[in-house]
Amino acid sequence: MKYTFQWRKYFPHIVSILIFLILSIISFYPQLEGKVLPQHDTTQFEAMSSDIRACRAETGEDPQWTGAMFSGMPAYMINIKYPSMVLKHGMDKILSIVSTPIGFIFFAMLSAYLMIIMMGMGWWAALFTAIAYGLSTYFFLIIGAGHQTKMWALVYAPAMIGAIYMTLRRNMLLGGALTALTAALEIGANHPQITYYFILAAVCLWLNDLVYAILKKRLKDFVKRSSILAAAALLSIGANFSPIYYAMEHSDETIRGGSQLHSDKTGGLDLDYATNWSYGIAESWNMLIPNFMGGSSSQTFSKDGPLAEYFSEVGMKDVAENLPTYWGEQPYTAGPTYLGVIAILLAIIGFTICPKRDIFWLLLVMVFSLVLSWGHNAMWFTQKAFDWLPMYNKFRAVSTILIVLEWEIPLLAGMAIWHIQQHMDSLKEISRKIIYSMSAICVIALFFILFNDKIFSFHQEEDGKMLSEEFYQMFKMGGGEEYIEKDIHLELGWGAAHAMLEERSSLLSHDSLRVILLCVLVTAALLLALKKKRMMGYMLSAIVILATWDLLSVNFRYQPHNAFCLRSKTEITPSQADKEILQDKELGFRVLNLSVSPFNDATTSKFHRSVGGYHGAKLSRYQDLINAYLTSGKEEIYDMLNTKYVISSEGKAIQREGAMGAAWIVSSLYPATCAEEELVALDKIDLKTCAVCSEKDLVKSMSFGEGSHIELVEYQPNKLTYKAHIEEDHTVAVFSEIFYDRGWKAYVDQKPEPYFRANYLLRAMALKKGDHTIVWQFRAPHFAFAEWITLICSIMIIFAIVLIVIRKNDNTLLGR
């Protein structure tokens, strides 16, 4: 039988894909001109993975370890190759057809579109949901910051939820296969925090359907569907077994596993650290009104606004352009988590008209996510989540969970559109609920226009004190004591603070008025479509266009086209200090770079072995060392880490004389009973002649030969070769390398030898008399086994999808 392509059936989908591509190009058009975004995290990644990539290029081997950051750490959470992840590698090739950042938005829209289709809704619902999701303001912010793994996780998440929904409520076999595929890709995106949040949403859906199955006496069918989901989950985990295994093994050793110090040991991140980026309760209105809290930390007051006018009277007009309009509680924000006025309006309508079976779980997800995002502002809930939710205490920046609302609000909006289309005969009831929903939003927005300066301080108190102090210091340093005596500094400071309040109030009012206008326009379009059904297509088109304008106009405030630049401007180039240090060919030394924030910046690792770096999962013992000694500049600790050079804050290379070398011989050991004692002892002993160790590692009959010496003769990130001459048996050598016994093995004259931890985080071993070649090699333990599991599960997912497709075309296969 000849197959005929059904253009009418597929035409809307083709149009949708074209719309997604056009909108994505509009969003990041300078990319087509060869320009790039100066993405902070991308730059950091390029630097921190520099020696890993260099090792691959030179040796053809994946080192699985980097020696260029934090004095050495596993590469599991940085850059490591897992050849068996065939699903991820195959999908990466497909996704490369549309390069990023355009590709991020395009595929995010496509994923959300597929979610709606898998849920059984129509084209208009899918189109609106996809655009509202893909153009989320938060996406533009994280793309600008270079959070690539986070963005890929957000690309796959909607499709995963759609597949789970399909398994529970529609075609369970196809849904199960697609769940295995999409979940495998989601996990493979390698951003566990985003995946975790969407798994929580999926659990809410599953619990909702469990209650429904019990009430409707459909438990048997639910168990069958749940079993398929469980199998899909196992396969998706198996298809990512390698990265999951090593991430879990590594986690206990990192700050996400808690400090090794008894007093700090929690099994997770410190609560204050994890909640540092908490969304303010009032700040949550940003989701509706983008300038509610003044926008972003980098957004400054206008050149001709009230603040600029005030400062111009005292000859300091330019000061206004250096002060942030943001007045929220977060330490820093690139912009608001804006969801879109129209999407929120339609979502509220969806809550009033959609089936209760959908509303209950989505309402639970919404409340749960919103309260968790408040972090330390709702500690009564956050503390319980840290204590009760498995693995939740591994994640920082709790406000990140708002990405669930970035997905849920567009979904509810799409459901509302679909329900309106399916129930157009209920004109009176639906029209009433649309008007009520619009009125609720407009009343809130009008309230903020009329009374915002009556209910919010706009940070006036804090700004008044801060500016008064700055004027005081300015007068004091400039010899203006007479102005201080007349309290002119207070007059200027509080006057400026009042002008800041006035301008922030105006920003809030302007965007509140914008909310009212858009709500009225969309409501009018919906009511007209209900009254004249032939107008439905035109009105929905108008709503989609308005929603697109709404989101893009806000997005361009924080990610404008002029943020793009030539690629050459984003490349890390060696400074004069870097060039001078690179002339030194000695192996194994490290560099402290004070021209940047040394423990929050990885750019030094581009050229040197750095004692600092930038990573959210650094080794916990190293963080302990940073807290106890490195931030205070303890010279002996930097010596122990073989810090031969310092780049000063002025950018000059300074050679240090005390660096102890790549390895050295000690004459005695100082035993400690616990990690706290080990750390404290570093400040008590002469680290050049003595080493701290655990009592269990104390070398019996330790000796010291005057003529013993050891030196590093060959260096690769994962292979270190030393030559040693030892005068006496039981001589202890300390190596200025990070102790990590989950992969590092030591060989003395080609024979495996034991080693132990010394000086809290370095390696040491006892050597026999004679000349020796000592080789340290790193290899992820059980790597071949983990890769086999990953490959087998990946093949099983592919086989399941192929089998279901064949069965659909020939239902005689395996029976009907």
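Keep in mind the model is a prediction, meaning the values are calculated, not measured.
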Check: Trp374 main-chain N/O paired with Asn377 side-chain donor or acceptor under 3.5 Å
yes

For Ser284 and Ile281, indicate whether the former's side chain and the latter's backbone hold a donor-acceptor pair under 3.5 Å.
yes

For Phe198, all residues meeting ring pair (Phe, Tyr, Trp, His ring centres under 6.0 Å), sequence neighbours excluded
Trp407

Would you say the ring centroid of Phe292 lies under 6.0 angstrom from that of Phe448?
yes

So how far is it from Trp327 CH2 to Ser457 OG, rounded to the nearest 0.5 Å?
6.5 Å

Does some side-chain heavy atom of Val341 sit less than 4.5 Å from a side-chain heavy atom of Cys519?
yes

Ring pair (Phe, Tyr, Trp, His ring centres under 6.0 Å) partners for Phe395, two or more places apart:
Tyr196

Which atom names give the shortest non-hydrogen contact between His376 and Asn276, and what distance separates them?
NE2-O, 4.4 Å

Between Tyr326 and Tyr332, does a side chain to side chain contact (heavy atoms under 4.5 Å, CB included) hold up when you go through it step by step?
CA-CA 9 Å; Tyr326 175 72; Tyr332 177 86; over 6 Å; no

Any residue meeting side-chain contact (heavy atoms from CB on, under 4.5 Å) with Ser27, in chain and number order, not counting sequence neighbours
Leu135, Phe140, Leu552

Assess, by modelled atom type and distance only, whether the side chains of Glu186 and Thr195 contain a donor and an acceptor separated by less than 3.5 Å.
yes

Salt bridge between Glu461 and Lys465, side-chain N to carboxylate O under 4.0 Å?
yes

Within a strict 4.5 Å, meaning less than it, do heavy atoms of the Tyr138 and Lys150 side chains meet?
yes

Would a distance-only check, ignoring hydrogens and angles, find a side-chain to backbone donor-acceptor pair under 3.5 Å from Ser373 to Leu370?
yes

Rounded to the nearest 0.5 Å, what separates atom CD1 in Ile449 from atom CG in Leu513?
5.0 Å

Under 3.5 Å, side chain of Thr325 to main-chain N/O of Phe301, donor-acceptor pair present?
no

Using the salt bridge (Lys or Arg N to Asp or Glu O under 4.0 Å) rule, collect all pairs that involve residues 340-351, keeping only residues at least two apart or in two chains.
none

Tell me which pairs pass salt bridge (Lys or Arg N to Asp or Glu O under 4.0 Å) where either residue lies in residues 396-418, with sequence neighbours left out.
none

Single hit among Phe368, Tyr392, Trp388 for ring pair (Phe, Tyr, Trp, His ring centres under 6.0 Å) with Phe381:
Phe368

Is there a donor-acceptor pair under 3.5 Å between the side chain of His561 and the backbone N or O of Ile26?
yes

Please answer whether the main-chain N or O of Asp358 pairs with a side-chain N or O of Trp361 as donor and acceptor at a distance below 3.5 Å.
yes

Please test Ile143 against Ile105 for side chain to side chain contact (heavy atoms under 4.5 Å, CB included), starting from the C-alpha separation and ending with a verdict.
CA-CA 9 Å; Ile143 289 172; Ile105 302 302; 3.8 Å; yes

What residues form a side-chain contact (heavy atoms from CB on, under 4.5 Å) with Pro12, not counting sequence neighbours?
Trp123

Drop me the distance from Glu502's CD to Leu307's CG, to the nearest 0.5 angstrom.
10.0 Å

Can you find a pair of side-chain heavy atoms, one from Phe351 and one from Ser437, that are under 4.5 Å apart?
no

Determine whether a donor-acceptor pair (N or O, by modelled atom type, separation under 3.5 Å) exists between the side chain of Ser369 and the backbone of Leu405.
no

Closest contact, heavy atoms only, Val398 versus Tyr197:
O-OH, 4.2 Å

Main-chain N/O of Phe107 paired to Ser111 side chain as donor or acceptor, under 3.5 Å
no

Nearest heavy atoms of Leu37 and Pro101, plus distance in Å:
CD1-CG, 4.4 Å

Min side-chain heavy-atom separation Glu503-Ser302 under 4.5 Å:
yes

Under the ring pair (Phe, Tyr, Trp, His ring centres under 6.0 Å) test, residues paired with Tyr273 that sit two or more places apart
none

Answer whether the closest heavy-atom distance between the side chains of Thr400 and Ile194 falls below 4.5 Å.
yes

If you compare all heavy atoms of Pro355 against all heavy atoms of His419, which two are closest, and at what distance to 0.1 Å?
CD-ND1, 4.1 Å

Met500 and Tyr310, any side-chain heavy atoms less than 4.5 Å apart
no

What distance separates Met438 CE from Leu526 CG, expressed to the nearest 0.5 Å?
10.5 Å

Identify which one of Asp41, Asn190, Thr100, Thr42 satisfies the side-chain hydrogen bond (donor to acceptor under 3.5 Å, both in side chains) criterion when paired with Gln148.
Thr42

Let me see the working for Met366 and Ile409 under side chain to side chain contact (heavy atoms under 4.5 Å, CB included), right down to the final yes or no.
CA-CA 9 Å; Met366 177 177 293; Ile409 294 301; 3.5 Å; yes

Counterpart residues, side-chain contact (heavy atoms from CB on, under 4.5 Å), relative to Leu501 (two or more places apart)
Asp453, Phe458, Gln460

Heavy-atom pair with the smallest gap, counting every atom of Met293 and Asn286:
N-OD1, 3.3 Å

Has the side chain of Ser24 got a donor or acceptor atom that lies under 3.5 Å from a matching backbone atom of Phe106?
yes

Residue pairs passing the side chain to side chain donor-acceptor pair (under 3.5 Å) test where at least one lies in residues 517-530, sequence neighbours excluded:
none

Restricting to side-chain hydrogen bond (donor to acceptor under 3.5 Å, both in side chains), what partner residues turn up for Gln383, sequence neighbours left out?
Asp387

In Å, rounded to the nearest 0.5 Å, how long is the span from CD1 of Ile353 to NE2 of His423?
8.5 Å

State, yes or no, whether a side-chain contact exists between Phe128 and Leu346 at a heavy-atom distance under 4.5 Å.
yes

Closest heavy-atom contact between Ser136 and Ala132?
OG-O, 3.3 Å

Spacing of Leu200 atom CG and Leu372 atom CG [to the nearest 0.5 Å]:
8.0 Å

With sequence neighbours excluded, residues passing salt bridge (charged side-chain N to carboxylate O under 4.0 Å, His left out) with Lys433:
Glu429

Looking at Arg504 and Asp463, is there a salt bridge between them, counting it only when a charged N and a carboxylate O are closer than 4.0 Å?
yes

For Phe139, ring pair (Phe, Tyr, Trp, His ring centres under 6.0 Å) partners two or more places apart:
Tyr133

Evaluate the side chain to side chain donor-acceptor pair (under 3.5 Å) criterion for residues Tyr538 and Lys532: first the C-alpha distance (whole Å), next the side-chain angles of each, then the deciding distance (0.1 Å), finally the verdict.
CA-CA 11 Å; Tyr538 296 108; Lys532 297 183 178 181; over 6 Å; no

Any heavy-atom pair between the side chains of Met379 and Leu271 that's under 4.5 Å?
yes

State whether the side chain of Gln31 and the backbone N or O of Ile102 hold a donor-acceptor pair below 3.5 Å, judged by distance alone.
yes

